[in-house]
Amino acid sequence: MENINSNNLANSISYNRILWPIYFLNGFQSIAWGGIIFLIVPLSRIMWPTEPTHALEMGILITALSWSASISGLVFGHLIDKYSRKKIIVTISIFRGLAIVMLGFALEGGGSSAWIYFLVFISIFGMFAGLSWPAVISLSNDIVPKAFRSRFFGVYEIVRSLTMTFGFLIGAFLVQNGLWRQYFWGTGLGILICALIFAIHNKEPKRGAQQEELLHIIKKKDVNYDFKINRETMLKTMLSKTNNVALIEGIFTQILLGSINFLILNLVQNEPHNISEFSTSIFMITFGLTGGIVGQILLARLSDKLAKKRPIMRIPIIIVAIIGGLITFIFFFFIPWPHLTIEQGKDVAFLATLPIIWLMGILFFSSRSIFSLYMVNQSPLLQEINLPEAQGQIVSWNQFLENLGRGMGPLLSGILLVVTSMNYQSTILIITLCILPGVILWGFAIKWFPSDAYNIREILKERADILESNEGESSPSDHK
């Protein structure tokens, strides 16, 4: 038992020692992404200082952010499986950092002109964001042992959640004090510095280095896994039934998820509730961060244990996460929010005396804990049923459809709010119907997953034999 624990600790230290710059890069990029999503109300005030929040225009900004990332990932995702992941991550980080820096030069009070300026640079930021997550998935597939995948993605997600939430806190404080330009300049500079650290610290790993079927041969210095996906293997693996479930389900789940943040922030930060951006961020950190820690670290460890010998166990966990996490979010819109003055909404101490705020905290803690299981189990599941040379492409497909849904969420929410005369309860009930397709499809995937995983193992065994027979040579592309 002691040997097992010491080996686990050594493996954990090993991959974290390699990937720590990725955590920091993820953090600053999440601060920027969160600043755009969570500060929708103050951003609207920057553009139109004397007017109410322009819900439709701000919804379009978030939609542009998500859709630009979707399209770029779909178009360029295959490059991740052909070229150096390190060079791709450094390149996209440079462009993302510069785009955020440019947002700090927008014209305050510029109305539609300022909105177009934000739209252009937010789209550039989103476009280069499209390759970030697929590249991380591909890298982790060759660095992180399978028994630690949920824990890695749990830590990655908790860094993202932590920095996004603290970014919201810092951003809200700076924006309320008229320092919104410094927020964007500092965040963009942070991305550029982290890109430089990653470029210096990290090396490109061998593909397939963590596949059990290839371990014995890939460890040899003169052997490289250079197989490329072809039409036959694409149809057999990337378009398998379980992959199709993940692709289709992502659209519907993300429509709901993308709508919830947009609706909650518009609900609590506008009349008659008037909870300020800074106060909102304090409660999100207090309750959301602790919920994220429970789900993304403690429950992620449990997920790895359950899936170590039976990877199929990740599917029931995903189903529970979708139902439990998103339904809990919906309760936000049916609690009796207090009517506050603007000054009361800024007074964190006063808000902490209200029982309804603590009920909100319990709901937020629960929803974040439960839904985080979705994030830390979906990625290892996709890695299990795809070849090393398809990791970037399949995640790009999945990201495209998820971002399509996430971008549709705020846009659909904005339209429904206008149609229902700002009735948040009716709007969220309509959008909640999006939960059904995902639950049904993952139920079918329990039957399909074993055969899809078996196909991958058999292909990798064949390729291990090919590599051994061709030792000292590059592995052939599109080999049958």
Side-chain angles (χ1 to χ4, degrees), residues 19 21-39 43 60-106 116-140 156 159-160 163-164 167 171 183-200 202 204 254 258 379 391-407:
L19 291 173
I22 282 285
Y23 295 140
F24 281 92
L25 191 55
N26 168 39
F28 275 100
Q29 291 177 346
S30 297
I31 290 173
W33 190 286
I36 296 168
I37 292 177
F38 292 123
L39 297 175
L43 285 180
I60 291 173
L61 280 185
I62 298 176
T63 298
L65 175 65
S66 295
W67 284 6
S68 58
S70 301
I71 294 170
S72 66
L74 184 67
V75 174
F76 301 111
H78 66 281
L79 299 177
I80 295 168
D81 297 320
K82 294 182 179 179
Y83 303 109
S84 166
R85 280 79 54 96
K86 173 184 174 178
K87 292 179 180 178
I88 289 173
I89 289 175
V90 171
T91 301
I92 63 179
S93 298
I94 290 172
F95 281 96
R96 293 182 80 183
L98 291 175
I100 293 300
V101 169
M102 291 304 296
L103 289 178
F105 293 99
I116 292 172
Y117 183 91
F118 266 87
L119 180 64
V120 170
F121 284 103
I122 282 175
S123 297
I124 293 173
F125 176 77
M127 182 175 66
F128 285 95
L131 294 177
S132 181
W133 180 236
V136 170
I137 292 287
S138 183
L139 266 182
S140 66
Y156 190 88
V159 169
R160 185 188 66 82
T163 52
M164 187 177 290
Y183 171 72
F184 286 118
W185 291 336
T187 304
L189 184 61
I191 294 174
L192 295 173
I193 292 172
C194 288
L196 177 62
I197 294 172
F198 176 78
I200 295 171
N202 285 78
E204 180 72 13
Q254 294 300 327
S379 296
Q391 296 292 327
Q393 185 70 70
I394 192 64
V395 174
S396 295
W397 290 359
N398 191 51
Q399 177 182 257
F400 169 75
L401 295 173
E402 286 189 346
N403 281 338
L404 185 68
R406 191 180 296 120

For S30 against T163, the heavy-atom pair lying closest together = CB-OG1, 3.5 Å

Is a donor on one side and an acceptor on the other found under 3.5 Å between the side chain of E204 and the backbone of K86?
-> yes

Do F28 and F24 have their ring centres less than 6.0 Å from each other?
-> no

CD1 of I137 to OG of S379: how many Å apart, nearest 0.5 Å?
-> 3.5 Å

May I ask you to decide if S138's main-chain N or O and R85's side chain share a donor-acceptor pair within less than 3.5 Å?
-> yes

What is the distance from atom OG1 of T91 to atom CZ of R96, rounded to the nearest 0.5 Å?
-> 13.0 Å

Correct closest heavy-atom pair for A32 and I191 would be CB-CD1, 4.3 Å

Would N398 and I394 count as a side-chain contact (heavy atoms from CB on, under 4.5 Å) if you check the C-alpha gap in whole Å, the side-chain angles of each, and the deciding distance to 0.1 Å?
-> CA-CA 6 Å; N398 191 51; I394 192 64; 5.7 Å; no

In terms of heavy-atom contacts, does CZ of F95 have more than 12 from other residues, nucleotides or ligands at under 6.0 Å?
-> no

Measuring from D81:CG to Q391:CD, what's the distance to the nearest 0.5 Å?
-> 7.5 Å

Look at the rings of F118 and F184 and say which category their plane angle falls in: under 30° parallel, 30 to 60° tilted, over 60° perpendicular.
-> perpendicular

Find the distance between OG1 (T187) and CD1 (I36) and round it off to the nearest 0.5 Å.
-> 9.5 Å

Which pair of non-hydrogen atoms, one from A64 and one from S68, has the smallest distance, and what is that distance?
-> O-OG, 2.7 Å

Is any side-chain heavy atom of L61 less than 4.5 Å from a side-chain heavy atom of L43?
-> no

Check the pair I100, L103 against side-chain contact (heavy atoms from CB on, under 4.5 Å), reporting the backbone distance first and the verdict last.
-> CA-CA 5 Å; I100 293 300; L103 289 178; 3.9 Å; yes

Closest contact, heavy atoms only, V90 versus A195 = CG2-O, 4.1 Å

Which distance, rounded to the nearest 0.5 Å, do you find between the CZ of F198 and the CD1 of I22?
-> 4.0 Å

L25 side chain near P21 side chain, heavy-atom distance below 4.5 Å = no

Taking all heavy atoms of I89 and all of A135, pick out the closest pair and write down the distance.
-> CG1-CB, 3.7 Å

Out of curiosity, I197 CD1 to N202 CG, how far, rounded to the nearest 0.5 Å?
-> 10.5 Å

Between I80 and L131, the two heavy atoms sitting closest are CD1-O, 3.6 Å

